[in-house]
Amino acid sequence: MALTGRAALLAALGSLPVGIWEPGWTGILAVNAPLALACACDYALAAPVRRLRLTRSGDTSVRLGDTADVTLTVANPSRRPLRARLRDAWPPSSWQPGTEQAASRHHVTIPPGERRRVTTRLRPTRRGDRRADRVTVRSYGPLGLISRQGSHEVPWTVRVLPPFTSRKHLPSKLARLRELDGRTSVLTRGEGTEFDSLREYVPGDDTRSIDWRATARQSTVAVRTWRPERDRHILLVLDTGRTSAGRVGDAPRLDASMDAALLLAALASRAGDRVDLLAYDRRVRALVQGRTAGDVLPSLVNAMATLEPELVETDARGLTAMAVRTAPRRSLIVLLTALDAAPVEEGLLPVLTQLTQRHTVLLASVADPHVDRMAKARGNTEAVYEAAAAAQAQAERHRIAEQLRRHGVTVVDALPDDLAPALSDAYLALKAAGRL
């Protein structure tokens, strides 16, 4: 039982203390008979809180940056009307800063034996699972002098998925894929591609693609057309170790890597290739295998939702062994990790041949836009020193990338906004060259 501000104001205006009694108290604090009687009647007419029945329904998943609506149904089984304020508590990251109070608090009036619905709109600021906390209800009497208060556990979970902002690049990449696949007038030829059909020779065609036997049977010169091989296996490997926790812009490197992996997965599944996912640091954090083309993207998004960087050094030997175990046949292994000197030279390079001797390896890394801005800075002594430091850091990344290329690895090093399209372009280039 709680005294409301209205009752306190009346007591102050009457210049008399208020008498309040509650079970468990040892005595009466003061005497103000009329107000005490009014408070007692108000308390008796307030609907009981603990008898309320609460259930939830609504969204169970939402992309980061979008809104999710969770509906709370409140049933009043008592014989007294419920006049209440309700707080639907969720973790602070369920809303934008400063909006939690307006979004989580509701006023409800429920007649006896009826129910009402209130909707809490979430707008999460982080990926992962957001679990509802307690629902606190404060029930008032008709005079608003005294309130009853209690809490109910009403479980509900909303999974916050990666935003997949790079999906805007998908139409242009699919158009390029259709060109490679021979479904437009642009046809490609490369080692290891599959023969598709014959067509008439046009100036500019590679003379090596002329089919002389078919030409001998007709009056025009015939050339072979080719389409990239399908049903290739692609393994996306996310490094979730210490280096993935570094922030680039407003988000960890891991988020940019996941966005790039999702665009590549969407593109590869449309190309008829099979896509798996492995997230690893010192142990397996996520593993997605054997999904159909229509199910692979939702499965990847759901698996990535709860991934967080781990502040441990990635076990490169264990990662390599797990990748080989996950991809026993020739595959394209896309390793999304950092191009830092120590982790690559001391961890990855000594075990890299276990991957390159059997698989095609593509390494993608997120560059820091702040270093890029520093490299372009001029104007004063401090800016020149910063530019020199940035140039040294970029030269170190180029040196590491060149070492990886000498081992047969294709390297993509790009800023967060450019990494996803650059990685997809590298995949299309490998497909056009018949290296998958």
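Basis for what follows: all heavy atoms, side chains included, without hydrogens, waters or symmetry-related copies. Throughout, numbering of the chain's residues begins at 1 and tracks the sequence.
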Can you tell me how far the [atom1] atom of [X] sits from the [atom2] atom of [Y], to the nearest 0.5 Å?
{"X": "E308", "Y": "D255", "atom1": "CD", "atom2": "CG", "value": "7.5 Å"}
{"X": "T326", "Y": "L278", "atom1": "OG1", "atom2": "CG", "value": "5.0 Å"}
{"X": "T356", "Y": "I333", "atom1": "OG1", "atom2": "CD1", "value": "9.5 Å"}
{"X": "K376", "Y": "E386", "atom1": "NZ", "atom2": "CD", "value": "15.0 Å"}
{"X": "L264", "Y": "L428", "atom1": "CG", "atom2": "CG", "value": "8.5 Å"}
{"X": "H107", "Y": "R83", "atom1": "NE2", "atom2": "CZ", "value": "14.5 Å"}

Are any non-hydrogen side-chain atoms of [X] and [Y] less than 4.5 angstrom apart?
{"X": "L332", "Y": "L235", "result": "no"}
{"X": "R148", "Y": "V137", "result": "no"}
{"X": "H152", "Y": "V49", "result": "yes"}
{"X": "V62", "Y": "L122", "result": "no"}
{"X": "V237", "Y": "M322", "result": "no"}
{"X": "D372", "Y": "Q394", "result": "yes"}
{"X": "L335", "Y": "V409", "result": "no"}
{"X": "L174", "Y": "L177", "result": "yes"}

Is it the case that more than 12 heavy atoms not belonging to [X] sit under 6.0 Å from its [atom1] atom?
{"X": "R159", "atom1": "CZ", "result": "yes"}
{"X": "D250", "atom1": "CG", "result": "no"}
{"X": "R329", "atom1": "CZ", "result": "no"}
{"X": "Q96", "atom1": "CD", "result": "yes"}
{"X": "R117", "atom1": "CZ", "result": "no"}
{"X": "R115", "atom1": "CZ", "result": "no"}
{"X": "R330", "atom1": "CZ", "result": "yes"}
{"X": "R399", "atom1": "CZ", "result": "yes"}

Minimum heavy-atom distance [X]-[Y], with the two atoms named:
{"X": "G347", "Y": "V351", "result": "O-CG2, 3.5 Å"}
{"X": "D315", "Y": "Y280", "result": "O-CE2, 3.8 Å"}
{"X": "P124", "Y": "D66", "result": "CD-O, 3.7 Å"}
{"X": "P369", "Y": "V248", "result": "CD-CB, 4.0 Å"}
{"X": "I400", "Y": "A341", "result": "CD1-CA, 3.8 Å"}
{"X": "I234", "Y": "A268", "result": "CD1-CB, 3.5 Å"}

Sub-3.5 Å donor-acceptor pair from the side chain of [X] to the main-chain atoms of [Y], do we have one?
{"X": "R253", "Y": "D368", "value": "no"}
{"X": "S94", "Y": "P91", "value": "yes"}
{"X": "S139", "Y": "A47", "value": "yes"}
{"X": "R127", "Y": "A305", "value": "yes"}
{"X": "H169", "Y": "D418", "value": "no"}
{"X": "D69", "Y": "D59", "value": "no"}
{"X": "W156", "Y": "T60", "value": "no"}
{"X": "R51", "Y": "P48", "value": "no"}
{"X": "R56", "Y": "V154", "value": "yes"}
{"X": "R123", "Y": "G65", "value": "yes"}

Problem set entry | Worked verdict on R126 versus V160 for side chain to side chain contact (heavy atoms under 4.5 Å, CB included) | CA-CA 7 Å; R126 293 179 57 189; V160 187; over 6 Å; no
Exercise. Side chain to side chain contact (heavy atoms under 4.5 Å, CB included) between L82 and R116: does it pass, once the steps are laid out?
Worked result: CA-CA 10 Å; L82 175 69; R116 292 291 185 270; over 6 Å; no
For this session: Run the numbers on L404 and V361 for side chain to side chain contact (heavy atoms under 4.5 Å, CB included), then give the verdict.
Result: CA-CA 10 Å; L404 291 168; V361 180; over 6 Å; no
Exercise. So L263 and Y427, side chain to side chain contact (heavy atoms under 4.5 Å, CB included) or not? Walk me through it.
Worked result: CA-CA 11 Å; L263 181 62; Y427 161 76; over 6 Å; no
Exercise. Can you name the side chain to side chain donor-acceptor pair (under 3.5 Å) partners of S299, sequence neighbours left out?
Worked result: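 Residues passing side chain to side chain donor-acceptor pair (under 3.5 Å) with S299: R291, D295.
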For this session: Return the set of residues passing side chain to side chain donor-acceptor pair (under 3.5 Å) with S104 (not counting sequence neighbours), or none when no residue passes.
Result: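 Applying side chain to side chain donor-acceptor pair (under 3.5 Å) to S104 gives E100.
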Problem set entry | Pairing of R242 and D340 as salt bridge, 4.0 angstrom limit |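 Judged by the 4.0 Å cut-off on N to carboxylate O distance, R242 and D340 do not form a salt bridge.
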For this session: Decide, yes or no, whether a salt bridge links R176 with E179 under the criterion of side-chain N to carboxylate O below 4.0 Å.
Result: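 Between E179 and R176 there is a salt bridge, with a charged N closer than 4.0 Å to a carboxylate O.
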Exercise. Would S365 and R397 satisfy side-chain hydrogen bond (donor to acceptor under 3.5 Å, both in side chains), going step by step from the backbone distance to the final call?
Worked result: CA-CA 10 Å; S365 181; R397 291 177 69 87; 3.1 Å; yes
Problem set entry | side-chain hydrogen bond (donor to acceptor under 3.5 Å, both in side chains) between D239 and S244, intermediate numbers included | CA-CA 7 Å; D239 179 358; S244 68; 5.4 Å; no
For this session: Quick one: do D259 and S166 satisfy side-chain hydrogen bond (donor to acceptor under 3.5 Å, both in side chains)? Show the steps, please.
Result: CA-CA 6 Å; D259 194 53; S166 63; 3.2 Å; yes
For this session: Decide whether T125 and S93 meet the rule of one side-chain donor and one side-chain acceptor closer than 3.5 Å.
Result: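 Result is no, nothing qualifies.
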